Amino acid sequence: MKRMLLFLSAAAVLASCDSNDRVSAVMPADEAGLIRFGVSDLPVTRAVNESTAETVAASGFNVAAIVGEAVYFNEKAAKSGNAYYTEGKYYYPQSAAIDFYACHPVDYAISVSDNRSSVVYEQDNVSDLIVASRTGIISHTGDVELVFDHVLSQLNFTAKGTDPAVDYILKSVSVKAPDGGVYSYVDGTWERGTLADVEFFSGELQIMPEGTAVADAMTFLPGDIQLSVSWECRADGQLVGSYSKSTPVCGDEDAIRIEPGKNNTINLLLPNADAVGISFNIQVNTWESTAQDVILN
């Protein structure tokens, strides 16, 4: 799972961090107790469309602080110099614990209701969403480490034919998945929205015998999804068969499930089971016997 580390208070960047999987940050508290944020200069992650140190540096992140049952602040933190600051200046309250909740990108605001923090996400299939939380923090306890997790699922497809005698042409792949949802910081679960069809691929893609990657990755809410796939089988340029198949519906015990925070790859194995090749089998019957009388006058 790709993660980004965020530290609250003065601390050195973690030297042991894997630069492909994590980025580190520090949030120092100065002598006056001002709350501010700092971020380390680390490489971007390998995957496309993932939140990275660069995307955070460009647009900042949202962070909410809860003291007791009251919202202390809920604002964007943006980069200024070598640190990140909220729009207002806030200080650690004396002898009071703070619960911190953060998310990126800043398009998604943190909602606090009945002392429960959440993020409302509208599906767009290209954005990442990372969240972090840490509770019960008092300023003099030292560094506070927040681990940002990817809470969506990346989805990729590959396709491969199962009949070497024909050529496979992929026509379409669509995914039925929630159109959005609400992520809860309390238990790290999603309340999934209404199911909607998302077109992953449409066109004509020739599938190589060793298999072929299908389009670019998209992001979806984790959990059950349903796939609908159509393809053709051709031989010597002639159409052998056209097929459209769907996997079990969401909620079925055999439904496909994708995991949060992971780049899920689904390998589509395309059959040719319904196609019947044209062939001939011949038989030459033996001569039958017949006789008749002919009178010659």
Side-chain angles (χ1 to χ4, degrees), residues 1-5 18 20-23 44-52 55-56 61-62 101-111 117-133 146-159 170 172-202 211-229 246-269:
M1 180 181 298
K2 302 282 191 296
R3 293 180 169 178
M4 179 163 53
L5 302 181
D18 181 350
N20 286 320
D21 292 329
R22 300 184 175 199
V23 292
V44 300
T45 54
R46 293 185 295 254
V48 178
N49 295 333
E50 289 191 357
S51 295
T52 67
T55 65
V56 174
F61 53 91
N62 290 325
Y101 303 97
C103 75
H104 172 85
V106 294
D107 297 342
Y108 300 104
I110 300 169
S111 174
S117 298
S118 61
V119 175
V120 177
Y121 175 80
E122 294 181 2
Q123 188 72 44
D124 65 11
N125 303 113
V126 294
S127 293
D128 191 10
L129 175 63
I130 57 174
V131 302
S133 63
L146 292 180
V147 179
F148 276 78
D149 288 323
H150 298 271
V151 291
L152 296 173
S153 300
Q154 275 195 2
L155 187 58
N156 291 276
F157 290 95
T158 67
L170 187 67
S172 67
V173 178
S174 64
V175 181
K176 186 180 289 293
D179 59 2
V182 180
Y183 176 82
S184 173
Y185 282 93
V186 174
D187 51 12
T189 59
W190 280 97
E191 179 184 338
R192 289 157 55 101
T194 304
L195 295 177
D197 290 311
V198 176
E199 185 178 86
F200 192 93
F201 169 80
S202 179
T212 300
V214 180
D216 295 327
M218 287 186 178
T219 53
F220 294 88
L221 260 68
D224 289 4
I225 60 172
Q226 182 184 26
L227 308 180
S228 295
V229 184
S246 295
T247 61
V249 299
C250 298
D252 189 283
E253 63 179 0
D254 294 324
I256 295 174
R257 295 175 180 85
I258 54 177
E259 298 185 52
K262 293 186 178 180
N263 190 339
N264 300 263
T265 297
I266 293 179
N267 301 308
L268 303 171
L269 301 180

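Given the structure is predicted, the values throughout are model-derived calculations rather than measurements.
The CZ atom of Phe220 lies 10.5 Å from the CG atom of Leu152; values are rounded to the nearest 0.5 Å. Between Thr158 atom OG1 and Leu268 atom CG the span is 6.5 Å, to the nearest 0.5 Å. A distance of 11.0 Å separates CG in Asn263 from OG1 in Thr219, rounded to the nearest 0.5 Å. In this structure, Leu129 CG and Asp149 CG are separated by 10.5 Å, a value rounded to the nearest 0.5 Å. With rounding to the nearest 0.5 Å, the separation of NE2 in His104 from OG1 in Thr55 is 3.0 Å.
With sequence neighbours excluded, no residue forms a side chain to side chain donor-acceptor pair (under 3.5 Å) with Asn264. Every residue was checked against the side chain to side chain donor-acceptor pair (under 3.5 Å) condition with Glu122, not counting sequence neighbours, and none meets it. Listed by chain and number, the residues in a side chain to side chain contact (heavy atoms under 4.5 Å, CB included) with Val186 are Arg116, Ser184 (sequence neighbours excluded). With sequence neighbours excluded, no residue forms a side chain to side chain donor-acceptor pair (under 3.5 Å) with Ser202. Qualifying salt bridge (Lys or Arg N to Asp or Glu O under 4.0 Å) partners for Glu199, counting only residues two or more places apart in sequence or in other chains: none. Partners of Tyr108 by ring pair (Phe, Tyr, Trp, His ring centres under 6.0 Å), not counting sequence neighbours, listed by chain and number: Tyr121.
Looking only at distances, no side-chain donor or acceptor of Arg257 sits under 3.5 Å from a matching main-chain atom of Pro222. The backbone N or O of Ile110 sits nowhere less than 3.5 Å from a side-chain atom of Asn62 that would complete a donor-acceptor pair. Using modelled atom types, one side-chain atom of Ser153 and one backbone atom of Glu259 make a donor-acceptor pair closer than 3.5 Å. Under the 3.5 Å distance criterion, the side-chain polar atoms of Ser111 are left unmatched by any main-chain donor or acceptor of Ser118. At distances below 3.5 Å, at least one donor-acceptor pair connects side-chain atoms of Asp124 with backbone N or O atoms of Val126.
The minimum heavy-atom distance between Trp190 and Leu221, with the atom names listed, is CE3-CD2, 3.7 Å. Scanning all heavy atoms of the two residues, the minimum distance from Ala132 to Tyr185 falls at O-CE2, 3.3 Å. Contact record, Phe61 with Cys103: CB-O, 3.4 Å, taken as the closest heavy-atom pair.
Screening residues 172-183 for side-chain hydrogen bond (donor to acceptor under 3.5 Å, both in side chains), with sequence neighbours left out, gives Ser172-Ser230, Lys176-Asp197.
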**Request:** Give the intermediate values and the outcome of side-chain contact (heavy atoms from CB on, under 4.5 Å) for residues Ile266 and Ile225.
**Result:** CA-CA 12 Å; Ile266 293 179; Ile225 60 172; 4.2 Å; yes
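Two residues are said to be in side-chain contact when any heavy atoms from C-beta on lie closer than 4.5 Å; Leu170 and Thr212 fail this criterion.
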Anything under 3.5 Å between a donor and an acceptor, one on a side chain of residues 246-256, the other on a protein residue two or more places apart or in another chain? List them.
{"from": "Ser246", "atom 1": "OG", "to": "Ser228", "atom 2": "OG", "distance (Å)": "2.9"}
{"from": "Thr247", "atom 1": "OG1", "to": "Leu227", "atom 2": "N", "distance (Å)": "2.9"}
{"from": "Asp252", "atom 1": "OD1", "to": "Asp254", "atom 2": "N", "distance (Å)": "2.7"}

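No close placement of the Phe201 and Phe157 rings is indicated, their centers lying 6.0 Å or farther apart.
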